[in-house]
Amino acid sequence: MKINELQLCRKWKTIPNCLNRYGLYIFAFTIPISFIPAQLGVALAFLGWVLEGVINRRWQIYKSNVFIPIALYLTWKLITASLSINPMHSVWCVVDNEWQMLLMLMMLFSITELKTLKRILHLWLITSAIVAIYAIWQTFSGYQLHRADLLTPMGDYFRAVGFYGFYLTFAGFVMTVFIISLCLSVQNHTKYRWLYIITGILSFLAILGTFARSIWLSIIVAIPIFGFMKGKKVGSIIAALLIIVILSSLIFIPTIRERAFSIISLDENQTRLNLWRTSINIVKDFPIIGVGEDNFTTYFDKYKVEGFYDTSVHPHNDYLNILVSAGIPGFIFFLAIWFVILKNGFIVYRKSKNHFLRELSLGSALAIIAFMVGSIFQNYYGTYANCWGWWFIAGLLMSSFRLHRETNYNNL
């Protein structure tokens, strides 16, 4: 073979890896703004991964303990869907609702260098900071630059939605940005510290502007955990500062005070409470196999409790949603997935010698915990947009775990 032909052959063999890597870059850079290019990025990453195996005969597969609960969860959901009243529709919904975990697999299989992980994270944070600025502007102006719709008034302000179009979806996204930025900002010796600090401040203000109560509660849980992971003294200081911020907001910002007090108002939570009771009624009759994916509305009229409803599309609770669709086994397998992922994250935080991996793992674990807290009050995993967030954060965590296990980075 001639030299130029050999060089051309080598270049062709690098294309799969480039597709895979740049697909992940595209996802990270665009997911704060739009799901269309982000999904294209995942598709490119998967195509590159397949071509790497076919062309270069190098299948990038990393064995992980998380695959067992994932396999059990998906298998059980497909079984319950196939046994449901609408089997074809239900099976398709399982595929449509769960394929986002492919993103985590691509990140786990493909990210083998710390610089790649950092680049993905930084692309995500840069775009997220820009979106947070836009959201803060929305809170005070009430306008969206990318569409003609006016924003929902909230007292003297307006409910920020970023580019997502719905405040809860955006709140779930920006919550993950804040928590990860917070954890990374404590690193002393990094040239990116100001990126983390600025993004953390902007995303926190954006969270306030969403007026999303479930995410506010998630933050209230996650911040003290972050503090006490750093020690009792730090935890006490952070908890005290958090209380000061909360009290100051309640005293000096009437709109936040009214929104916060609505959390404990039964009158303002009638729909959610009635949906929970209705879901429990369904679970009582279908405790093992559930009713299948996306069949809540089919059974709603038969099992609904009397009372007010302004929506009936889902139970307003991720755990009840899974219990309804996949029964108790599906619920246990779902929790097992996140238990294993969180366990891996805290292993990296305790044992890694690399500051970046330590703080990214802690931030990712706390973001998942915050999602799980918010999921008590809202369907975050069950929302297509936010499910990308769950699995992207899981990908960051699991990639950190792999790098910690396979490499020996200096304490940088």
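Small disclaimer: the values here were computed from a predicted structure and weren't measured.
The closest side-chain heavy-atom distance from Met398 to Ser64 is below 4.5 Å. A 4.5 Å side-chain heavy-atom check between Trp216 and Arg259 finds at least one atom pair inside the cut-off. Within the 4.5 Å cutoff, the side chain of Arg193 has no heavy atoms near those of the Gln187 side chain. Residues Ser375 and Tyr319 form a side-chain contact, since some pair of their non-hydrogen atoms from C-beta on lies under 4.5 Å apart. A 4.5 Å side-chain heavy-atom check between Ile31 and Phe392 finds every atom pair outside the cut-off. No side-chain heavy atom of Tyr22 sits less than 4.5 Å from a side-chain heavy atom of Leu44. Side-chain contact between Ser279 and Leu323 is absent, with no heavy atoms from C-beta onward closer than 4.5 Å. Counting only heavy atoms from C-beta outward, the side chains of Leu335 and Met372 approach each other to under 4.5 Å.
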Fill in: Evaluation steps, ring pair (Phe, Tyr, Trp, His ring centres under 6.0 Å), between Tyr309 and Phe300
CA-CA 11 Å; Tyr309 295 89; Phe300 176 77; 5.1 Å; yes
Item to complete: Give the intermediate values and the outcome of side-chain hydrogen bond (donor to acceptor under 3.5 Å, both in side chains) for residues Gln378 and Asn317.
Response: CA-CA 5 Å; Gln378 175 62 28; Asn317 179 302; over 6 Å; no
Practice prompt. Apply side-chain hydrogen bond (donor to acceptor under 3.5 Å, both in side chains) to Asn344 and Asn65, showing your working.
Written response: CA-CA 9 Å; Asn344 291 342; Asn65 53 358; 3.3 Å; yes
Practice prompt. Walk me through it: do Phe109 and Trp59 pass the test ring pair (Phe, Tyr, Trp, His ring centres under 6.0 Å)?
Written response: CA-CA 9 Å; Phe109 292 166; Trp59 291 98; over 10 Å; no
Worksheet entry | Criterion ring pair (Phe, Tyr, Trp, His ring centres under 6.0 Å) on Tyr381 and Phe371, from CA distance to verdict | CA-CA 8 Å; Tyr381 186 85; Phe371 257 136; 9.1 Å; no
Discussion item. With ring pair (Phe, Tyr, Trp, His ring centres under 6.0 Å) as the criterion, how do Tyr196 and His122 come out once you've worked through the C-alpha distance, each side chain's angles and the decisive distance to 0.1 Å?
Written reply: CA-CA 9 Å; Tyr196 306 143; His122 293 156; 5.7 Å; yes
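Under the side-chain hydrogen bond (donor to acceptor under 3.5 Å, both in side chains) test applied with Asn274, the options Gln270, Arg277, Arg272 reduce to a single match, Arg277.
Stacking of Arg159 on the aromatic ring of Phe211 is not recorded, the 6.0 Å distance cut-off and the 45° axial limit not both being met.
Of the inter-residue distances, the one linking Ile70 atom CD1 with Met101 atom CE reads 5.5 Å to the nearest 0.5 angstrom. Here OG1 of Thr255 is found 11.5 Å from CG of Leu208. Values are rounded to the nearest 0.5 Å. The line from CD1 of Ile246 to CD1 of Ile256 is 10.5 Å long, rounded to the nearest 0.5 Å.
The two residues Val177 and Ser128 have their closest heavy-atom pair at CG2-OG, 3.6 Å. The two residues Ala212 and Leu168 come nearest to each other via the heavy atoms CB-CD2, 3.9 Å. Here the closest heavy-atom approach between residue Leu151 and residue Phe158 is recorded as O-CD2, 3.7 Å. Closest of all the heavy-atom pairs between Leu184 and Leu360 is CD2-N, 3.7 Å. Between Ala206 and Ala135, the shortest heavy-atom contact is CB-CB, 4.0 Å. Between Arg213 and Ile263, the shortest heavy-atom contact is CD-CG1, 3.6 Å.
Between Tyr134 and Phe163, the gap from one ring centroid to the other is short of 6.0 Å.
Using cut-offs of 30° and 60° for the angle between ring planes, the Phe35 and Tyr384 rings count as perpendicular. Using a 30° and 60° split on the angle between ring planes, Trp338 and Trp391 fall in the tilted class, from 30° to 60°. Between Phe204 and Phe178, the ring-plane angle classifies as tilted under the 30° and 60° cut-offs. Ring planes of Phe27 and Trp388: tilted class, angle from 30 to 60°.
Every residue was checked against the ring-ring contact (aromatic ring centres under 6.0 Å, His included) condition with Phe228, not counting sequence neighbours, and none meets it. Residues forming a ring-ring contact (aromatic ring centres under 6.0 Å, His included) with Phe401 (at least two apart in sequence, or on another chain): none. Qualifying salt bridge (charged side-chain N to carboxylate O under 4.0 Å, His left out) partners for Lys230, counting only residues two or more places apart in sequence or in other chains: Glu359. Listed by chain and residue number, nothing satisfies the ring-ring contact (aromatic ring centres under 6.0 Å, His included) test with Tyr349 (two or more places apart in sequence, or in another chain). Here Tyr143 pairs with nothing under the ring-ring contact (aromatic ring centres under 6.0 Å, His included) rule; sequence neighbours left out.
Applying the salt bridge (charged side-chain N to carboxylate O under 4.0 Å, His left out) test to residues at least two apart or on different chains, the pairs with a partner in residues 48-58 are Glu52-Arg58.
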